[in-house]
Amino acid sequence: MLQHYTLIVAWSSKEVGRYIETYKAYENKSSDSLKEHVEKDYVAQFTKAVTSIRTVTKRDAVTLMTTFGDFKNVVFAPKQDLLLCPNFGQRKVEKMQDVFDQPFINPNKTRPSRFQ
C-alpha cells in the first residue's frame with residue numbers, strides 16, 4: 001500500500017521550517033532545476049576541476065591556466081615548474097601531485113552485483 005507521505009527529521013523546529021519552505025518551493029518544479037549546471041566553456045571546467053583540490057583557489061587556477069595552458073600540462077608538470085608559480089608552496093604542490101597520482105576508480109571498492 002503506497003501512502004504519499006514525506007518524513008522530515010531535523011534537530012529543531014526552525015530547521016524543519018526551512019526544509020518545508022524549500023520543499024514547497026520545489027514541489028511543482030521539474031527535476032532540471034535541482035540538477036547541477038555544468039559549465040560548457042573550458043576555463044570554467046578547468047577552474048572547477050583544479051579547485052576541487054582543497055588547497056587550490058580560483059586565483060591559483062588562473063595562474064595555472066596562464067602558465068601551463070591546459071589541464072594536461074598541469075597534471076604532467078614537473079614539481080619544480082609548479083613551485084615557480086606565485087602562491088605555490090611545497091605543501092600545495094605535493095597535495096596537487098598526490099591528487100593527480102590517485103586512480104580514478106578505487107580498486108578496493110566492490111562493485112554492485114549487477115556488474116559482476
Passes side-chain contact (heavy atoms from CB on, under 4.5 Å), Ile20 versus Ile8? Steps please. CA-CA 8 Å; Ile20 291 172; Ile8 298 175; 3.8 Å; yes
Test side-chain contact (heavy atoms from CB on, under 4.5 Å) on Leu82 and Gln97 and set out the steps. CA-CA 10 Å; Leu82 290 169; Gln97 289 187 329; 4.0 Å; yes
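Between Ser52 and Ala49, the closest heavy-atom pair is OG-O, 2.5 Å. The two residues Val16 and Ala10 come nearest to each other via the heavy atoms CG2-CB, 3.4 Å.
Atom OG1 of Thr55 and atom CZ of Arg91 lie 8.0 Å apart (nearest 0.5 Å). In this structure, CE in Met65 is found 5.0 Å from OH in Tyr42, a value given to the nearest 0.5 Å. Interatomic distance, Arg18 CZ to Ser13 OG, rounded to the nearest 0.5 Å: 10.0 Å.
Glu27 places no side-chain N or O within donor-acceptor distance of the main-chain N or O of Tyr23, the cut-off being under 3.5 Å. Thr67 places no side-chain N or O within 3.5 Å of a backbone atom of Leu64 that could act as its donor or acceptor partner.
Tracing side-chain contacts under 4.5 Å through hydrophobic residues (I, L, V, M, F, W, Y), one never reaches Val62 starting from Val50; they form parts of separate clusters. In this structure, Val93 is a member of the same hydrophobic cluster as Phe100, with clusters built from ILVMFWY side-chain heavy atoms closer than 4.5 Å.
Between Asn87 and Thr63, the closest side-chain pair of non-hydrogen atoms is not below 4.5 Å. Between Leu83 and Phe88 the shortest side-chain heavy-atom distance does not fall below 4.5 Å. Residues Phe68 and Phe76 have side chains not in contact (no heavy-atom distance under 4.5 Å, counting atoms from C-beta outward).
With sequence neighbours left out, the side-chain contact (heavy atoms from CB on, under 4.5 Å) criterion links Asp41 to Glu39, Val43, Ala44. The salt bridge (charged side-chain N to carboxylate O under 4.0 Å, His left out) check on Glu21 picks up nothing, with sequence neighbours excluded.
Among residues at least two apart or in separate chains, salt bridge (Lys or Arg N to Asp or Glu O under 4.0 Å) pairs with a member in residues 60-81 are Asp60-Lys92, Lys79-Glu94.
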